[in-house]
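As structure tokens, the structure follows; a few thoughts come after it.
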Amino acid sequence: MRNTDVPSLSTENERTSNTRSFRTASLPLLLTMAAGLLPVAGCNHGHSADVVATVNGHAIMQADLEKAYKLQLGDAAQQQQQPSQEQADSLRLNLLRELIDEEIVEQRAAKMNLTATNEEVDAKLAEMKAPYTEEQFQERLKASNQTIDDVKHSLRRSLTINKLLNKEINSKITVTDADVASLLQPAQGRVQSA
């Protein structure tokens, strides 16, 4: 599993590609963990038109979807390579599904008291900023069209998801020396017989 502790301030394509890889690799896991919450996730007609979905009463706003959409487009938008309307709609639907899945996982983490603390977020932010001067860091933020609040939100989400995954999955995985030996044994036999 990829380490998602610290969102990168590198190019948006790298960041969204890494995020996509994490989401793709963990989607079945996330859906399994969220199965208990799915029946109560859905649309709530009591919210304004700016709400595109609700998950257990928490609104996912149109502005959040559009921000994710613009981040996903990255360089293509700068090069004037706009997707067709059908492609744009499909991308938005996929991003909305990801936002819903992330919200479900965050709610599960909160229910288990695994939400990242302000101190953890600040420590990771300091770690991210360490290689840069304050001016360089601000330039990188500006280049990636992010604010410090955006970065903190991403950090909190990543740290929270990692805590949940560690608690629910990683802590339950054990690999013994015998397991490793049994995996290596057939490979060694093929090498010797060749």
CD of E127 to NZ of K124, rounded to nearest 0.5 Å, is 4.0 Å
task = Would you check if the side chain of Q107 reaches a backbone N or O of I104 as a donor-acceptor pair within less than 3.5 Å?
result = no
### Message
Quick one: does any side-chain atom of T54 pair with a main-chain N or O of G57 as donor and acceptor, under 3.5 Å?
### Response
no
Inset, instruction - Say whether Y132 and V121 are linked into one hydrophobic cluster, either directly or through other cluster members, by side-chain heavy-atom distances under 4.5 angstrom. - result: yes
Requested in this report: Starting from the C-alpha separation in whole Å, work towards a yes-or-no answer on side-chain contact (heavy atoms from CB on, under 4.5 Å) for M61 and V51.
Outcome: CA-CA 4 Å; M61 306 301 291; V51 175; 3.6 Å; yes
All heavy atoms of D150 vs all of Q146, minimum pair found to be OD2-CA, 3.5 Å
How about E86: does its CD atom have over 12 heavy atoms from other parts shown lying under 6.0 Å from it?
no
| Can you find a pair of side-chain heavy atoms, one from K152 and one from D122, that are under 4.5 Å apart? | yes
OG of S154 to CE of M128, rounded to nearest 0.5 Å, is 8.5 Å
Given the rule that I, L, V, M, F, W and Y join up when any side-chain heavy atoms are under 4.5 Å apart, are I169 and L164 in one cluster? yes
Minimal heavy-atom distance between L141 and V151, with the atoms involved, is CD2-CG2, 3.3 Å
On a heavy-atom basis, the closest approach of K163 and L114 is CD-O, 3.2 Å
Give the cluster check for I161 versus M112: same hydrophobic cluster or not, with ILVMFWY residues linked at side-chain heavy-atom distances below 4.5 Å.
yes
State yes or no: do L155 and I148 share one hydrophobic cluster built from I, L, V, M, F, W and Y residues joined by side-chain heavy-atom distances below 4.5 Å, directly or via other members? yes
For A116 and L159 the tightest heavy-atom approach is CB-CB, 3.6 Å
Correct closest heavy-atom pair for Y69 and L95 would be CA-CD1, 3.4 Å
Can you see whether T176 engages D179 through a side-chain donor-acceptor pair at a distance of less than 3.5 angstrom? yes
### Message
Do the side chains of R156 and E120 get close enough for a salt bridge, i.e. N-O under 4.0 angstrom?
### Response
no
For A53 and L96, the nearest pair of non-hydrogen atoms, with its separation, is CB-CD1, 4.2 Å
Output for pair (Q72 CD, L65 CG), nearest 0.5 Å, gives 11.0 Å
Residue set satisfying side chain to side chain donor-acceptor pair (under 3.5 Å) with Q87, at least two apart, ordered chain then number -> S84
Is a donor from one side chain sitting under 3.5 angstrom from an acceptor on the other, for N94 and E98?
no
What's the verdict on side-chain contact (heavy atoms from CB on, under 4.5 Å) for R157 and E103, showing C-alpha distance, side-chain angles and the deciding distance?
CA-CA 9 Å; R157 180 168 271 178; E103 181 60 33; 4.2 Å; yes
Expected output: side-chain Q138 to main-chain E135 donor-acceptor under 3.5 Å: no
### Message
Given 3.5 Å as the limit, does a donor-acceptor pair link the side chain of T160 with the main chain of E106, or not?
### Response
no
Side-chain touch E102/L99, heavy atoms, less than 4.5 angstrom: yes
